[in-house]
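A short worksheet on the structure shown next.
Just so it is clear: chains get the letters A, B, ... in the order the sequence lines come, proteins before strands, and each one is counted from 1.
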Amino acid sequence: MEKKDKVRLDSVKPQNFIKNIIEKDLSTNKNDSRIHTRFPPEPNGYLHIGHAKSICLNFGLASEYNGLCNLRFDDTNPTKEEVEYVESIKSDIRWLGFNWDDRLFYASDYFDKFYEYAKQLIKNEKAYVCSLSTEKIKEYRGTLTQPGKNSPYRLRPVEENLELFKRMRAGKFKEGEHVLRAKIDMASPNLNMRDPVIYRIIHESHHRTGNKWCIYPMYDFAHCLEDSIERITHSICTLEFEDHRPLYDWFLEQLNLFHPQQIEFARLNLSYTVLSKRKLLELVEHGYVTGWDDPRMPTIAGFKRRGYTPESIRDFSERIGVAKRDSLVDVALLEHCVREDLNKRAMRVMAVLRPIRLIIDNYPEGKVEEIEAINNPEDISMGTRKIPFSRILYIEQEDFRENPPKKYFRLSPGREVRLKHAYYIKCEKVIKDEKTGEVKELHCTYDPKSKGGGTADGRKVRGTLHWVSAAHSVKAEVNLYDRLFIKENPVECDKKNDFKSYLNPKSVEILKSCRVEPCLANAAPGSRFQFMRHGYFCVDSSNGKLVFNCTVQLRDTWAKIEKSLNNTTKS
RNA sequence: UGGGAAGUCGUCUAAUUGGCAGGACAUAUGACUCUGGAUCAUAGAAUUGGGGUUCGAGUCCCUGCUUCCCAGCCA
């Protein structure tokens, strides 16, 4: 019976098609039951949450099946790649919590080998130097429905190809004069098989090999070789490479090399977000955001600065699963993951974002009490702290309504509420600006017998407000963020409207006159807190000023109630 | 219109490979609460259409429909 239950539990464990492949391979002892994956970014931009999915998948699979995962920079195109990106990618992967030990590789490490393999293809009459122009190559390739035609250079003798290829490498030609092509089938219905270019001339310095090379291998030729050289068993990539798999397999067969299995999965799409390096670069370059690490960016660096934890991103990657169908994941799931994580770990503090003065008329002037507050009700081991309480306080503007709507149980004239951890107060008088009518100040009385937040007579109050003592609180700046795009799928109507036309004009709100508890005065950059009744906030690293970035707001039930209230009164 | 791939609750994803369509998020309702947070409980909600095989089909077969990818000397 016990065994039966266990079997059922195992079968309930979420699976995905890649794990199924791996487990089948393990059961047949393929590759001596070795599991070896790799994460192969091109260092031409910053990593985003889509890469995080791939990183978690590849490193996760390796650790789950006692295998290894390599970090490999696919640096075959010096025109787009930079050391800055290499460094940021390494740091982002480490931040996510993964470790490649000594298995850091570069495609450029293998340039000599690639060159030898290319010569071998030439010798086997499986590759030739083509001297057609870019335009002509395109023309000869044919179209989706029409087959291509053979290049006039296709029958060049081996010796001539070898000589030309050698001179290409020696820098004897200008860019575009010649390319090396695989000799496959110009009539293939798969365009990738119509004699693809495998080497091109680029006279540009490479961030690692300098000026040693002026010919560079194309992705299709290089990638399968990189995988093979590193004895990768499962080469996991995204769906758009499905059409490239026959080519991947072709090179390895022609060269009779160790043959990893390429497996494709659907890349991540997130609602209200764009996840393409090109588009993200556009946002950065045109100043729509402040940089790659702008807290609104879906980059790892952006999430980090926004206050997301690596744990929450890994949890998210696990929960979205892996499949082959195109999907658009609800960003609410990501927000759920970070709330769930931070709920357990973040210290609770009080911060008043939009302050209004509140004076307790019957509280002695000059008196200051130290009020004890629990740091995290979800984790008692986080202890308690003392908060100063005095006659003049700040509370949140939205916590007072002169004419409260139904179901509003915060402060209003004549009503009693609780100040968190402190006393019951009752609103006695509202001071307004004579000209504008704006509420300037609230005068209240407190019940000295309610200290700690309860009374002996057992009377209940519905509202509990957060507060700070005016004289003791610390000034801070707070950045509130909303989604960067107003459209669920900003790339959907790309043809008609540029994705940038869906940018949310109110994606950031900067609040400059916030007041926070004194214990936050020296909060370390990167540290995370829950501002009670608001959300989770992270200290931004900035010069001297105390700045908090909002990671995610708390779920706001009252906002929902109020919204539905408004809707019903309108209709 | 050639080739490749994919269609399961609103969203993402499972289904021991032909045997009770499950989970999470989201939504709604209620309980509880010194955070309108958290927590707990409950509810609604799906196999792309049409045939077929079968005792039995999300799964196999036929046929339609829809979506995505491919014509870089990018990856």
Side-chain angles (χ1 to χ4, degrees), chain A residues 7-8 10-16 20 40-42 44 74 76-77 79-80 130 132-134 137-139 141-148 175-176 178-181 188-194 196-202 216 218-220 222-223 237-246 264 266 271 277-278 319-337 339-340 343-344 348 350 373-374 377-378 407-410 418-422 452-454 460-466 488 530-535 553-562:
Chain A
V7 168
R8 192 176 297 150
D10 283 347
S11 69
V12 161
K13 185 181 72 175
Q15 277 292 331
N16 62 55
N20 289 340
E42 182 187 18
N44 68 345
D74 211 354
T76 57
N77 184 354
T79 65
K80 300 167 90 179
C130 181
L132 249 24
S133 66
T134 311
I137 286 180
K138 183 177 175 151
E139 191 184 315
R141 182 152 34 226
T143 67
L144 293 179
T145 50
Q146 290 169 321
E175 289 185 12
H178 306 284
V179 290
L180 186 69
R181 292 229 251 167
S188 171
N190 181 347
L191 295 249
N192 294 302
M193 300 300 272
R194 319 243 263 230
V197 171
I198 60 179
Y199 262 100
R200 75 290 213 193
I201 298 168
I202 301 176
Y216 290 91
M218 295 285 288
Y219 166 87
D220 285 307
H223 206 89
C237 62
T238 45
L239 246 31
E240 67 270 24
F241 292 101
E242 274 175 326
D243 285 347
H244 295 244
R245 180 161 18 95
E264 309 87 9
S271 59
K277 270 188 198 170
R278 206 206 84 226
R319 289 185 189 225
I320 57 177
V322 184
K324 290 191 81 128
R325 87 171 79 158
D326 293 302
S327 58
L328 182 64
V329 176
D330 192 341
V331 72
L333 179 59
L334 215 210
E335 293 175 345
H336 167 80
C337 290
R339 277 197 200 102
E340 188 177 70
N343 178 48
K344 288 176 298 193
R348 310 298 132 114
M350 295 196 284
I374 192 160
E378 303 287 323
K407 294 182 183 172
Y408 183 89
F409 40 81
R410 279 114 98 145
R418 170 167 43 231
L419 293 176
K420 179 76 185 171
H421 303 304
K460 296 260 196 255
V461 292
R462 291 298 298 273
T464 301
L465 314 185
H466 61 276
E488 188 173 25
Q530 185 197 91
F531 287 1
M532 295 194 92
R533 305 209 300 134
H534 281 298
Q553 311 238 347
L554 255 24
R555 286 174 56 117
D556 192 346
T557 308
W558 164 242
K560 280 180 197 166
I561 293 170
E562 194 177 28

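You'll find the ring centres of His223(A) and His244(A) outside the 6.0 Å limit.
Not a single donor-acceptor pair under 3.5 Å links the side chain of Thr238(A) to the backbone N or O of Glu240(A).
Summarising the base pairing, rA41(B) is matched to rU29(B) through a Watson-Crick or G-U wobble pair whose two defining distances lie under 3.5 Å. Base pairing of rC68(B): its partner is rG4(B), meeting the Watson-Crick or G-U wobble criterion (both donor-acceptor distances under 3.5 Å). Using N1 to N3 plus N6-O4 or O6-N4 for Watson-Crick, or N1-O2 and O6-N3 for G-U wobble, each under 3.5 Å, rA24(B) pairs with rU11(B). rU47(B): no Watson-Crick or G-U partner with both key distances under 3.5 Å is found in any strand.
A donor-acceptor contact under 3.5 Å is not formed by the side chain of Glu378(A) with the base of rU39(B). Side-chain to base pairing of Asn190(A) with rG4(B): no donor and acceptor N or O lie closer than 3.5 Å to each other. Residue side chain Arg410(A) reaches the base of rG36(B) through a donor-acceptor N/O pair under 3.5 Å, judged by distance alone.
Using a cutoff of 4.0 Å between basic side-chain nitrogens and carboxylate oxygens, Arg319(A) and Glu340(A) are scored as salt-bridged.
If you find the closest nucleotide of RNA chain B to Met218(A) and to Arg418(A), the one lying nearer the 5' end belongs to Arg418(A). Nearest-nucleotide assignment on RNA chain B puts the 5′-proximal partner with Leu333(A), out of Leu333(A) and Phe531(A).
With a glycosidic angle more than 90° from 0, rU11(B) adopts the anti conformation. Applying the 90° cutoff around 0 to the glycosidic angle, rG51(B) is assigned anti.
Within the nucleic acid shown, Lys80(A) comes within 4.0 Å of at least one base atom, counting heavy atoms only. Residue Thr238(A) is out of contact with every strand shown, counting any heavy-atom pair closer than 4.0 Å. Residue contacts for Phe409(A): at a heavy-atom cut-off of 4.0 Å it reaches a base atom on one of the strands shown. Using a 4.0 Å heavy-atom criterion, one finds that Val461(A) contacts no nucleic acid atom at all.
In the set rG36(B), rG2(B), rA15(B), the nucleotide with an atom closest to the side chain of Gln15(A) is rA15(B).
Across rG50(B) and rG58(B), the matching P atoms stand 13 Å from one another, rounded to whole Å.
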